[in-house]
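A quick write-up on the structure given underneath.
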Amino acid sequence: MLNMEIKEIREVKELTDKLGTTVTFSINSLSDEENKKWEIKFNSVLNDCGCNSGKKYLFFIMPFILLLLMLIIIFTSISKFQIILIFFLSIFLVGTLGKINGLKNRKQMLKDTIEEFFKINIIS
């Protein structure tokens with residue numbers, strides 16, 4: 001994981017393509033408290049891997065997957081192996097879709113955080 005030190009306000013714009021990077025803020029025009037606040041905020045966005053989104057997708061979809069499996073067991077005569085395969089493929093697919101969506105949201109959250117930073121610090 002890369003570490004990047006932000007010493008000037010204009011360097012914040014460079015963070016749009018630095019996903020997976022840890023940043024340290026030491027901007028002279030900001031107080032230590034403000035530097036730490038922005039450091040925490042940016043690091044939480046930059047290091048979000050999308051796993052939480054995948055977890056949420058699984059949490060909300062799991063009851064439907066289980067219901068579908070019960071219906072398959074009751075109304076079809078497919079083998080236990082096929083049922084287990086359907087179950088694991090469903091979990092994998094839903095988790096992957098959630099992770100992809102989380103990664104997409106991360107880029108938007110980073111853009112929003114950068115905009116918020118410049119709005120508050122009145123420099124563009």
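The shown structure was predicted, so the numbers you read here are calculated from the model rather than taken from an experiment.
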Treat each ILVMFWY residue as a node, draw an edge where side-chain heavy atoms are under 4.5 Å apart, and state whether [X] and [Y] are in one component.
X: Leu66; Y: Ile78; result: yes
X: Met70; Y: Leu85; result: no
X: Leu67; Y: Phe75; result: yes
X: Met62; Y: Phe60; result: no
X: Leu68; Y: Val94; result: yes

To the closest 0.5 Å, what do you measure between [atom1] ([X]) and [atom2] ([Y])?
X: Glu116; Y: Thr113; atom1: CD; atom2: OG1; value: 6.0 Å
X: Asn121; Y: Glu34; atom1: CG; atom2: CD; value: 6.5 Å
X: Met4; Y: Leu46; atom1: CE; atom2: CG; value: 9.5 Å
X: Asn28; Y: Glu8; atom1: CG; atom2: CD; value: 9.0 Å
X: Leu69; Y: Ile86; atom1: CG; atom2: CD1; value: 7.0 Å
X: Ile9; Y: Trp38; atom1: CD1; atom2: CH2; value: 10.5 Å

Work out which heavy atom in [X] is nearest to a heavy atom in [Y]; give both atom names and the distance.
X: Gly95; Y: Leu58; result: N-CD2, 4.0 Å
X: Leu110; Y: Leu15; result: CD2-O, 3.2 Å
X: Val12; Y: Phe117; result: CG2-CE2, 3.4 Å
X: Ser26; Y: Glu5; result: OG-OE2, 2.7 Å
X: Glu11; Y: Lys7; result: OE1-N, 2.7 Å
X: Lys99; Y: Cys49; result: NZ-O, 2.8 Å

Hey, is the main chain of Gly98 close enough, under 3.5 Å, to the side chain of Ser53 for a donor-acceptor pair?
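Judged by distance alone, yes, a pair lies under 3.5 Å.
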Determine whether a donor-acceptor pair (N or O, by modelled atom type, separation under 3.5 Å) exists between the side chain of Asn35 and the backbone of Ile27.
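Side chain of Asn35 to backbone of Ile27: a pair is present.
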Can you confirm if the NZ or CZ of Lys41 lies within 45° of the ring axis of Phe25 and under 6.0 Å from the centre of its six-membered ring?
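No.
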Test: Glu39 and Lys36 ion pair at under 4.0 Å
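Judged by the 4.0 Å cut-off on N to carboxylate O distance, Glu39 and Lys36 do form a salt bridge.
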From CA spacing to verdict: side chain to side chain contact (heavy atoms under 4.5 Å, CB included), Arg106, Leu103
CA-CA 5 Å; Arg106 174 179 72 171; Leu103 292 173; 3.9 Å; yes
